[in-house]
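Below: one structure, written as structure tokens.
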Amino acid sequence: MSDNQSTKRLWRDVRVFDGHNTLPERMAVIVEGERVTNLTPMSRLDEALASECREMGRGGVMTPGLVDCHTHLVFGGGRADEFEKRLEGASYEEIAQAGGGILSTVRSTREASEEELFEVAVPRLQAMIADGMTTVEIKSGYGLTVEDELKMLRVARHLGETLPVRVTTTLLGAHALPPEFQDDSDGYIDLVCHEMIPAAAKQGLVDAVDVFCEKIAFSVAQCERVFQAAREYGLPIKAHAEQLSNLGGTTLAARYGALSADHIEYLDEAGVAALREAGSTAVLLPGAFHTLRETKLPPIAALREAGVPIALATDANPGSSPIFSPTLMLNFACILFRLTPQEALAGMTAHGARALGRNELGRIYVGGPADLCLWNIDTAAELAYAVQAGRLKQRIFRGEVSHE
Ligand code: NIG
Ligand code: FE
């Protein structure tokens with residue numbers, strides 16, 4: 001244990017957003033080792049205890065470290081050319097059907113070595129870390145062969161071992177149909193179920209399994225086969241569902257006890273009820289909504305009314321959301337989806353962690369992990385209100401100040 005870790009560390013007079021709410025009084029927060037050990041209103045701070053601590057900061061707003069529960073940040077190449085095509089009027093689906101889109105990134109990701117993929121992912125992840133993120137989910141899905149999917153997952157794991165961030169990995173083999181299976185999508189699903197999932201599970205490379213349930217991707221029946229295979233290996237599931245149409249992927253995912261259904265712009269009332277019954281989290285991705293100039297809003301009011309937890313994520317990827325800023329998503333979620341700033345922040349902390357099955361993260365509580373952010377602002381709402389870099393005063397990761 002380093003000197004720093006053996007000392008109690010104190011933050012005084014901070015406004016605390018605990019993952020769900022802003023606490024009414026200004027607080028003192030004490031961290032020992034990797035845990036928060038004291039969370040006390042300033043009016044009740046024991047000064048004898050305080051004198052045993054090293055004072056780390058005073059004032060500002062403290063939130064849990066941000067949790068980005070849906071990213072595709074490991075990929076080769078870029079898609080600025082498609083961005084231009086879309087500006088000229090081509091749709092995301094048209095580009096995909098012409099062999100571009102996800103498949104264009106598949107080509108560049110297959111060509112890249114593990115080391116190259118790692119090197120290009122580092123600055124993306126560093127930018128998100130500098131924006132206050134302490135936990136990130138990273139999906140595969142641009143390899144689409146057993147070896148290339150495992151390569152992506154190894155890169156994701158390696159990123160988590162190298163940088164001060166918790167990484168969870170998700171196998172998204174059923175993301176798009178690779179060209180070598182063009183007339184045999186069921187054959188490709190066989191590969192995902194019988195080879196990819198078993199290999200990733202046996203090598204300890206995967207924490208969850210995801211699918212893209214959509215006309216341009218895989219059917220409900222095919223996604224169900226993937227979920228069954230995941231279940232055989234004890235892996236939790238997630239789904240990209242109801243992004244471009246209402247196919248029923250969310251209801252299927254809920255039947256399999258999904259951690260989350262993500263995108264869900266086209267989700268109907270029955271789908272919302274299915275999420276509620278399953279206790280799944282709805283993950284909203286305003287970066288993709290914005291980038292694709294989507295106009296169909298996810299059913300926010302129905303989700304709220306049903307009490308379905310709403311998480312928020314960047315969906316950082318080279319096509320539908322080339323955006324590597326979690327705090328920008330707070331702003332987008334309020335402006336585009338009319339979430340309240342508190343809802344948006346809960347979406348990127350407590351509810352984001354829940355969407356990963358990591359309920360112990362994304363919250364500030366006594367005994368909880370000291371993954372924290374101290375912001376140079378007066379109210380938590382300011383994080384969503386202004387789009388402004390440089391407000392992160394300290395980022396505390398596993399009890400250590402990793403950014404100042
Ligand atoms: O979450 N919806 C499918 N997959 C990604 C997009 C990936 C891409 O366009 O490269 C998404 O939006
Ligand atoms: Fe995605």
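The chain is numbered in sequence order, starting from 1. Start at 1 and go down the list; that is how both ligands and their atoms are numbered.
Protein heavy atom nearest atom 4 (N) of ligand 1, with residue, atom name and distance: His175 NE2, 2.8 Å. The closest protein non-hydrogen atom to atom 11 (C) of ligand 1 is Asp315 OD2, 3.2 Å. Remark: minimum distance from atom 12 (O) of ligand 1 to any protein heavy atom is reached at Ser320 OG, 2.5 Å.
For Glu55 (side chain) and Arg9 (main-chain N/O), no donor-acceptor pair under 3.5 Å exists by modelled atom type.
In terms of polar-atom proximity, Thr105 is not counted as a contact of ligand 1, lacking any N or O under 3.5 Å from an N or O of the ligand.
Residue His263: no N/O/S atom is found under 2.8 Å from the Fe ion (ligand 2). Within the 2.8 Å limit, Asp315 places at least one N, O or S atom next to the Fe ion (ligand 2).
With a heavy-atom cut-off of 4.0 Å, Gln243 touches ligand 1 through its side chain alone. Of the heavy atoms in Tyr142, only side-chain atoms (C-beta onward) come closer than 4.0 Å to ligand 1.
Salt-bridge formation is detected for the pair Glu360/Arg358: a Lys NZ or Arg NE/NH1/NH2 atom is positioned less than 4.0 Å from an Asp or Glu carboxylate oxygen. A salt bridge is defined here as a Lys NZ or Arg NE, NH1 or NH2 lying under 4.0 Å from an Asp or Glu carboxylate O, and Asp207 with Arg157 meets this definition. The existence of a salt bridge linking Lys296 and Glu265 is excluded, since no basic side-chain nitrogen approaches an acidic carboxylate oxygen closer than 4.0 Å.
Side-chain atoms of Arg79 and Thr105 include a donor-acceptor pair closer than 3.5 Å. There is no side-chain donor-acceptor pair under 3.5 Å between Trp375 and Glu382. Looking at Tyr92 and Glu82, their side chains never bring a donor and an acceptor atom within 3.5 Å of each other.
Other residues, nucleotides and ligands contribute over 12 non-hydrogen atoms within 6.0 Å of the OH atom of Tyr365.
Cation-pi check for Arg124 over Phe75 is met; the charged atom lies under 6.0 angstrom from the ring centroid and within 45 degrees of its normal.
The shell of residues lying under 4.0 angstrom from ligand 1, judged by heavy atoms, includes His70. Ligand 1 lies less than 4.0 angstrom from a heavy atom belonging to Tyr92.
The ligand atoms of ligand 1 that sit less than 4.0 angstrom from a heavy atom of His263 are 1 (O), 2 (N), 11 (C), 12 (O). Against a heavy-atom cut-off of under 4.0 Å, Arg79 is close to the following atoms of ligand 1: 8 (C), 9 (O), 10 (O). Proximity to Ile102 (heavy-atom distance under 4.0 Å) selects the following atoms of ligand 1: 7 (C), 8 (C), 9 (O), 10 (O).
With the Fe ion (ligand 2) as the vertex, NE2 (His72) and NE2 (His70) define an angle of 100°, rounded to 10°.
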